[in-house]
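Quantities reported herein were computed from a predicted structural model and do not represent experimental measurements. Every chain is numbered from 1, with letters handed out A, B, ... down the list of sequences.
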Amino acid sequence: MIDPKRLRTDIADITQALKKKRYDLDADAFTQLDAARKERQIKAESLQAERNQYSKTMGRLIAEAKSKGGDIAPLKAQGEALKNAFIEAEQSLHEVQQQIEELLHGIPNVPDGSVPEGVDEADNTEVRRWGDIPEFTFTPLDHVDLGAAIGGMDFDRAAKISGSRFVQMRGKLALLHRALGQFMLSTHTLEHGYEEVYVPFIVNRESLFGTGQLPKFEEDLFKLSDERQLFLIPTAEVPVTNIYRNEIIDQLPIKFASQTPCFRSEAGSYGRDTRGMIRQHQFDKVEMVQFVAAEDSWQALEELTGHAQKILEKLALPYRCVTLCGGDLGFSAAKTYDLEVWLPSQNTYREISSCSNFTDFQARRMKTRYRDSRTGQLEFVHTINGSGLAVGRTMVAVMENYQQADGSILVPEVLQPYMHGLRVID
RNA sequence: GGAGAGGUGGCCGAGCGGCUGAAGGCGCACGCCUGGAAAGUGUGUAUGCGUUAAUAGCGUAUCGAGGGUUCGAAUCCCUCUCUCUCCGCCA
């Protein structure tokens, strides 16, 4: 959520900045609503003050009236009149407050100045490339064909069990999948200073509101039919970030890493990536989440992106890093780097990690604060998160980049300890 | 699933219709004391919102959440939620 105070004082600047995100802020509507809010709030609060004042003297007045044998009905009637006047003012205040809130909840985070202009992913700007694109003396297969040849990657049976966009794996491929997750988690905890967390995979509306998936993006989520309004997590970002919802953190920074399954309805992407494991309703992901002081978040974003890159580098997978342009940037993010891994079968780079600085946007929604050591004031923390990495897509990348002419797959050296020393999958 | 008990400030814990943003204690901060420290002692110690030049005042809200009764609710009533105890069931 954007700071409403900032919206009052800098609305022109914010409106301009949000254009980059292709969001059209109705500044006049906000200004009018806020003026109405101010007027009504002053009125309601002064009526309430009057009423409080009156109620305080009531005990004495009633006692006096009674001792003189007087009638206390008029005293009560006056109190009642004050109450009714207040209730009316309060209702009218609530109306505007609700409208303002609705507007506020739908405004995306303001993109950072360094975010490039643009409408979609074609306008993302490349920051760096790493690794050499492998050259094959044969025509490389994609992971689906490789999986079929090896055996143990079964989309048909997954469809029978569940439907489209699911996979079932067995044997060495299931092991490879597990090894990848373990390798990532171990690297982040042992080398990058993250603490491992295990979290619920089912969350409530408040948590999804906190990180920004709700109220706008409900159709992307799997919702449980149960009356409690629970949802399957689309990313570990939701439960992990919400660990500190409604709390004051006393020690920053905090760095968490967590492996979870992620569930996405993929509504609106019907024709895209229908083949293979690239776009599934369920996939595993290792997520890194940092809570930092406001002044540290930009550095933390660079650091966290580096941690994700490190995984790709250890796996010797060629990748590039791009800065998302305004139009491609998510609702809650102020800036996002995507890491894209090389996929030989597609002869292109595909997203495998997304690392973002949310500044105080999520913290404001979650009411997650810390005490600034210099001013002693409570401030909203900044949150940063990123995939480190999407396990399913990493598996695709390993299979395709490490394939050999005979259809077997070499196991990257760093994974071998996690795979009982296995060097080749065939 | 059945029966019961409870959620009050950073923590513990009183309060059970007006004088309570909330006793008392612990913790914390600052001062005094001390050669220094401990002990002792004094003072202070929530947050949001509004107004404002102001982190000064003033107003308003908050005692798990939401609703209700009342002139007035932390205190009474209802719903929800979470925690604990006992029984049942169970990975």
Can you check whether [X] has a side-chain N or O nearer than 4.0 Å to OP1 or OP2 of [N]?
{"X": "A:Arg51", "N": "B:C71", "value": "no"}
{"X": "A:Arg37", "N": "B:C49", "value": "no"}
{"X": "A:Lys38", "N": "B:U51", "value": "yes"}
{"X": "A:Arg205", "N": "B:A65", "value": "no"}

Look through every strand shown and name the nucleotide pairing with [N] as Watson-Crick or G-U wobble, where both distances are under 3.5 Å.
{"N": "B:G1", "result": "B:C87"}
{"N": "B:G9", "result": "none"}
{"N": "B:C16", "result": "none"}
{"N": "B:G31", "result": "B:U41"}
{"N": "B:A73", "result": "none"}
{"N": "B:A23", "result": "none"}
{"N": "B:A56", "result": "none"}
{"N": "B:A46", "result": "B:U62"}

Self-check item: A:Ser265 and A:Glu219, any side-chain heavy atoms less than 4.5 Å apart
Solution: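 In short, these two side chains do not touch, never coming nearer than 4.5 Å.
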Rounded to the nearest Å, what distance is computed from the [atom1] atom of residue [X] to the [atom2] atom of nucleotide [N]?
{"X": "A:Asn246", "N": "B:U62", "atom1": "CG", "atom2": "P", "result": "17 Å"}
{"X": "A:Arg364", "N": "B:C49", "atom1": "CZ", "atom2": "C1'", "result": "13 Å"}
{"X": "A:Leu82", "N": "B:U70", "atom1": "CG", "atom2": "C1'", "result": "14 Å"}
{"X": "A:Glu45", "N": "B:C49", "atom1": "CD", "atom2": "C1'", "result": "7 Å"}
{"X": "A:Lys83", "N": "B:C71", "atom1": "NZ", "atom2": "C1'", "result": "8 Å"}
{"X": "A:Arg40", "N": "B:C49", "atom1": "CZ", "atom2": "P", "result": "21 Å"}
{"X": "A:Asn52", "N": "B:G50", "atom1": "CG", "atom2": "P", "result": "19 Å"}
{"X": "A:Phe86", "N": "B:A61", "atom1": "CZ", "atom2": "C1'", "result": "10 Å"}

Which nucleotide wins on minimum distance to the side chain of [X], given the candidates [options]?
{"X": "A:Lys5", "options": "B:C49, B:C71, B:U51", "value": "B:C49"}
{"X": "A:Ser55", "options": "B:G48, B:G72, B:G50", "value": "B:G72"}
{"X": "A:Ala49", "options": "B:U47, B:G59, B:U51", "value": "B:G59"}

Interatomic distance at [atom1], [N] relative to [M], whole Å:
{"N": "B:G9", "M": "B:G24", "atom1": "C1'", "result": "13 Å"}
{"N": "B:C77", "M": "B:G42", "atom1": "P", "result": "41 Å"}
{"N": "B:C12", "M": "B:C28", "atom1": "C1'", "result": "15 Å"}
{"N": "B:U75", "M": "B:G15", "atom1": "P", "result": "15 Å"}
{"N": "B:C26", "M": "B:U83", "atom1": "P", "result": "32 Å"}
{"N": "B:C63", "M": "B:A23", "atom1": "P", "result": "15 Å"}
{"N": "B:G4", "M": "B:U60", "atom1": "P", "result": "41 Å"}
{"N": "B:G67", "M": "B:U62", "atom1": "P", "result": "11 Å"}

Quiz item: Between A:Ile42 and A:Leu378, which has a closest nucleotide on RNA chain B that is more 5'?
Solution: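 Closer to the 5' end of RNA chain B: A:Leu378.
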Self-check item: Residue mapping more 5' on RNA chain B - nearest nucleotide basis, A:Ser46 or A:Gln78
Solution: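 Closest to the 5' end, via its nearest nucleotide, is A:Ser46.
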Quiz item: Is a salt bridge present between A:Arg40 and A:Glu88, judged by a nitrogen-to-oxygen distance below 4.0 Å?
Solution: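 The answer is no: the pair does not qualify as a salt bridge.
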Practice problem: May I ask you to say whether A:Arg365 pairs ionically with A:Glu206, meaning some side-chain N is under 4.0 Å from a carboxylate O? | Solution: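 The answer is no: the pair does not qualify as a salt bridge.
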Flag the pair [X] / [Y] as yes when their ring centroid distance falls below 6.0 Å, and as no otherwise.
{"X": "A:Phe291", "Y": "A:Tyr244", "value": "yes"}
{"X": "A:His382", "Y": "A:Phe361", "value": "no"}
{"X": "A:Phe217", "Y": "A:Phe331", "value": "yes"}

Exercise. Could you pull out the closest heavy-atom pair between A:Ala316 and A:Tyr402, with the gap in Å?
Key: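 Scanning both residues completely, I find the closest heavy atoms to be CB-OH, 3.5 Å.
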Quiz item: Hey, does A:Lys43 reach any base, or is it just sugar-phosphate, or nothing, if we go heavy atoms under 4.0 Å?
Solution: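 Contact class for A:Lys43: none.
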Quiz item: Do A:Gln41 and B:G50 have a side chain to base donor-acceptor pair shorter than 3.5 Å?
Solution: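 Under the 3.5 Å cut-off, the side chain and the base do not form any donor-acceptor pair.
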Quiz prompt | Test item: side-chain donor near acceptor, A:Thr211 and A:Gln362, under 3.5 Å | solution =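 There is no such pair (donor and acceptor under 3.5 Å, judged by atom type) between the side chains of A:Thr211 and A:Gln362.
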